[in-house]
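Lettering of chains follows the sequences in order, A, B, ..., and the numbering in each one begins at 1.
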There are 4 protein chains.
Amino acid sequence: MSPRNAERDLQMRERRIDQILDAAREVMAVKGIGSAGINDIAAEAKISIGNIYHYFTSKEEIFSALLKRGQVGYGKLVAELAAENGTAVEKLLKLSKAWLAADNVWTQTILLVSSRMSELTSPEEREAITGRFAANLTPLAAIFEQGIREGTLRDGDPLEHAMYFVSFMQGLVLQQVPGIRVPVALRAERVVSYFRSEKTE
Amino acid sequence: MSPRNAERDLQMRERRIDQILDAAREVMAVKGIGSAGINDIAAEAKISIGNIYHYFTSKEEIFSALLKRGQVGYGKLVAELAAENGTAVEKLLKLSKAWLAADNVWTQTILLVSSRMSELTSPEEREAITGRFAANLTPLAAIFEQGIREGTLRDGDPLEHAMYFVSFMQGLVLQQVPGIRVPVALRAERVVSYFRSEKTE
Amino acid sequence: MSPRNAERDLQMRERRIDQILDAAREVMAVKGIGSAGINDIAAEAKISIGNIYHYFTSKEEIFSALLKRGQVGYGKLVAELAAENGTAVEKLLKLSKAWLAADNVWTQTILLVSSRMSELTSPEEREAITGRFAANLTPLAAIFEQGIREGTLRDGDPLEHAMYFVSFMQGLVLQQVPGIRVPVALRAERVVSYFRSEKTE
Amino acid sequence: MSPRNAERDLQMRERRIDQILDAAREVMAVKGIGSAGINDIAAEAKISIGNIYHYFTSKEEIFSALLKRGQVGYGKLVAELAAENGTAVEKLLKLSKAWLAADNVWTQTILLVSSRMSELTSPEEREAITGRFAANLTPLAAIFEQGIREGTLRDGDPLEHAMYFVSFMQGLVLQQVPGIRVPVALRAERVVSYFRSEKTE
DNA sequence: AATGAATGAGCGTTCATTCAT
DNA sequence: AATGAATGAACGCTCATTCAT
């Protein structure tokens with residue numbers, strides 16, 4: 001009734017949404033994207049199935065929102081990193097470590113790849129996803145530009161480097177799917193080394 | 001006794017199996033792995049649903065066989081490449097081009113990633129997949145070893161390089177999912193360049 | 001919190017379960033156990049197919065529950081009968097009449113026999129069924145013991161008599177499958193007479 | 001061409017039919033009636049699936065023929081028994097032993113019960129089965145008549161006794177389904193005892 | 001807002017039967 | 001007569017979504 005309540009309602013709504021998204025990510029991480037049913041998500045979120053549909057119109061939308069949240073979060077991370085003080089190599093190392101450390105990055109990556117493949121995804125949705133993906137490349141490119149200026153990173157188009165770097169990271173992260181043993185350990189230093197100018201290594 | 005030609009039957013069987021696997025790959029490529037139904041595969045293969053089950057005991061098995069075929073085929077390719085005459089850089093370039101050119105490599109990659117994630121995949125199956133994956137690294141490592149000897153590729157553990165290279169390629173290939181436009185073109189030369197020793201570039 | 005009445009829900013659940021079991025029995029009675037499909041049961045119960053699976057995890061489980069309900073019901077009947085006042089012969093007559101009168105006893109019998117034969121039935125399930133079967137013999141054996149004491153029933157091991165009596169009843173009941181005309185009427189008195197001591201008949 | 005060949009063909013046909021029926025009985029005994037598929041029967045009979053349809057027009061017909069064969073065989077057995085020298089009690093004992101000994105009598109019994117229940121069975125077919133069943137009671141009734149005359153079997157309508165006796169045996173036989181342990185051993189003497197006149201026991 | 005029972009289209013799979021050889 | 005590949009209707013079951021409360 002009062003603006004107070006309206007505001008509190010809105011906050012409640014935000015909290016519920018986050019709760020659902022967290023549950024969705026958790027379930028996806030444990031059961032795999034294909035086997036994550038909304039009943040699982042509801043159970044994980046400790047919410048009723050029906051109530052989920054008060055916050056999302058479809059399962060699709062949940063995954064879509066989850067992906068968006070991930071992309072936005074990642075975007076913030078890189079943007080902050082780019083704006084920080086420090087050398088480009090330090091920043092790249094930090095970023096690589098973040099990719100390889102985070103337990104659930106592969107979930108986001110799978111989600112991204114899946115959403116690209118799914119014919120269910122609408123063209124607008126695709127556009128949005130791709131747009132955010134491209135936007136997130138910019139601060140990373142800035143880091144590469146800084147590194148090139150500093151002479152510590154390989155020469156070349158900074159945006160191109162950013163794109164290759166992200167692809168590289170995604171490829172690596174997908175090797176970390178739980179239950180898999182890879183013959184070689186994945187280290188942030190190693191990844192970054194490929195992008196460094198050898199003269200200064 | 002038998003009014004049938006046994007040899008012909010066997011050939012027919014092989015052909016049908018390939019037919020089904022091709023159809024499965026095609027459907028997967030168009031609809032995505034999660035949405036590829038048996039009926040789609042049957043329709044694409046111009047075979048009845050029931051008949052598919054003369055050749056495969058389950059949908060799972062089809063994907064498993066498809067992945068295996070891809071891994072074996074790729075294994076042959078790298079092995080031949082490693083045994084060829086030529087410099088390591090040339091070989092790496094050839095390989096990169098093969099990855100980026102082949103329309104359906106991303107299908108295999110998705111399949112690989114998905115099979116790793118699916119809890120349906122039996123532990124033995126997983127072991128087999130991981131085993132083939134690891135085995136396929138060996139000839140690639142040999143190429144890296146050659147390159148290091150030749151002084152054209154970066155120093156380091158050849159197997160480690162091989163692992164990173166494959167992850168890199170997979171990450172790139174996943175950007176090529178149809179319907180997606182990436183802001184940067186993917187070029188084999190660029191990929192290889194990251195693994196080259198800068199002194200000789 | 002909950003906008004639902006928990007107690008009512010629970011009652012509703014019980015009612016639905018009975019509704020489904022009744023439908024299953026009815027369908028089985030009309031179409032035979034092998035041809036009783038989930039869709040038939042759903043139609044008979046005026047419930048959707050999917051909803052059935054809110055109450056039972058499988059078709060198997062429905063039949064299992066139906067059999068159990070029958071066994072438990074029969075067990076109560078014999079136990080009460082054994083505890084009643086009256087002569088053993090009177091009790092046996094009552095029991096025989098119950099067997100021969102009840103329209104659906106043969107359904108239970110078929111179910112029992114089928115469950116024994118089905119390789120789908122798990123060993124634990126089998127054990128439970130056999131256990132209930134054996135347990136239900138005890139009160140019947142008590143009746144035979146009483147009769148022997150009273151000198152109206154044949155001498156011998158009461159449990160053995162009970163076992164033979166039940167087998168006999170089952171055999172008779174299976175002649176009453178609908179659509180069959182047997183050349184001889186089945187009468188409770190006749191059955192009991194075989195177990196009576198002739199001196200007192 | 002020659003009558004010789006025609007005759008041999010006919011014999012061959014008979015042999016094949018028996019081969020198939022034997023296989024059907026065997027499969028039914030091992031897998032249960034519901035799970036006996038014609039592929040199983042074909043495999044057991046070492047014959048191709050398609051070829052089975054040269055001898056039977058449907059799976060139904062196989063079971064029907066199997067049941068008929070069993071009924072006819074049983075009919076011969078009782079008829080011979082009735083015609084034999086010996087007392088009625090001896091004959092009844094022999095018959096009871098035959099019922100309880102034969103490993104596969106329960107298969108026939110299940111088949112009989114199932115055919116009665118199946119709505120697939122045509123009315124004519126049912127009539128035939130019931131007719132044979134009734135016909136087979138006659139020689140058994142003759143044995144009872146003899147026993148009554150001899151004063152060793154209970155008084156009463158011989159046909160009625162026959163009917164009850166067969167029902168009893170069927171009930172007992174169904175307890176012998178493999179994989180089941182019953183709390184009481186089944187003995188031919190015990191069964192017969194219920195039909196004996198106590199004065200002479 | 002919240003619940004979870006109810007729905008039904010759709011899935012993977014089976015299997016009696018047919019057909020080309 | 002003999003083969004077994006091929007067919008497709010039908011089954012049991014799942015699950016995203018809706019609805020009555």
Student: With sequence neighbours left out, which residue pairs that include part of residues 57-70 of chain B fulfil the salt bridge (charged side-chain N to carboxylate O under 4.0 Å, His left out) condition?
Tutor: B:Asp18-B:Arg69, B:Asp22-B:Arg69

Student: Any chance you could measure D:Leu67, atom CG, to D:Ile129, atom CD1, to the nearest 0.5 Å?
Tutor: 5.0 Å

Student: Between F:dA10 atom C1' and C:Lys31 atom NZ, what is the distance in whole Å?
Tutor: 11 Å

Student: Once you round it to whole Å, what is the distance between P of F:dA1 and CD1 of D:Ile17?
Tutor: 11 Å

Student: Using whole Å, report how far CZ of D:Arg8 lies from P of F:dA1.
Tutor: 15 Å

Student: Which pairs of donor and acceptor atoms, one on a side chain in residues 23-30 of chain C, lie under 3.5 Å apart (sequence neighbours left out)?
Tutor:
none

Student: Which residues pass the side chain to side chain contact (heavy atoms under 4.5 Å, CB included) test with D:Ser48, sequence neighbours left out?
Tutor: D:Asn51

Student: Short of 4.0 Å, heavy atom to strand atom, which residues of residues 36-57 of chain D count as contacting DNA chain E?
Tutor: D:Gly37, D:Ile38, D:Ile49, D:Tyr53

Student: Partners of C:Ala65 by side chain to side chain contact (heavy atoms under 4.5 Å, CB included), sequence neighbours excluded?
Tutor: C:Leu21, C:Phe56

Student: Would you kindly compare C:Glu60 and B:Arg13 by the position of their nearest DNA chain F nucleotide and give the one closer to the 5′ end?
Tutor: B:Arg13

Student: CD1 of B:Ile33 versus P of E:dC11: gap in Å, rounded?
Tutor: 16 Å

Student: Between D:Ile20 (CD1) and F:dA1 (C1'), how many Å, whole number?
Tutor: 12 Å

Student: Could you list the donor-acceptor pairs under 3.5 angstrom formed by side chains in residues 106-114 of chain C, with sequence neighbours left out?
Tutor:
{"unit_1": "C:Trp106", "atom_1": "NE1", "unit_2": "C:Asp103", "atom_2": "O", "d": "3.1"}
{"unit_1": "C:Thr107", "atom_1": "OG1", "unit_2": "C:Asn104", "atom_2": "O", "d": "3.3"}
{"unit_1": "C:Thr109", "atom_1": "OG1", "unit_2": "C:Val105", "atom_2": "O", "d": "3.1"}
{"unit_1": "C:Ser114", "atom_1": "OG", "unit_2": "C:Ile110", "atom_2": "O", "d": "2.7"}

Student: Could you tell me the separation between the NZ atom of A:Lys59 and the P atom of F:dT14, rounded to a whole number of Å?
Tutor: 15 Å

Student: Report the residues that fulfil side chain to side chain contact (heavy atoms under 4.5 Å, CB included) with B:Glu14, sequence neighbours left out, ordered by chain and then residue number.
Tutor: none

Student: Sorted by first residue and then second, give each salt bridge (charged side-chain N to carboxylate O under 4.0 Å, His left out) pair with at least one member in residues 33-48 of chain A; sequence neighbours left out.
Tutor: A:Lys31-A:Asp40

Student: Any chance you could encode DNA chain F as dot-bracket? Rule is Watson-Crick or G-U wobble with both distances under 3.5 Å; [ ] for pairs crossing earlier ones, | for another strand.
Tutor: .||||||||||||||||||||

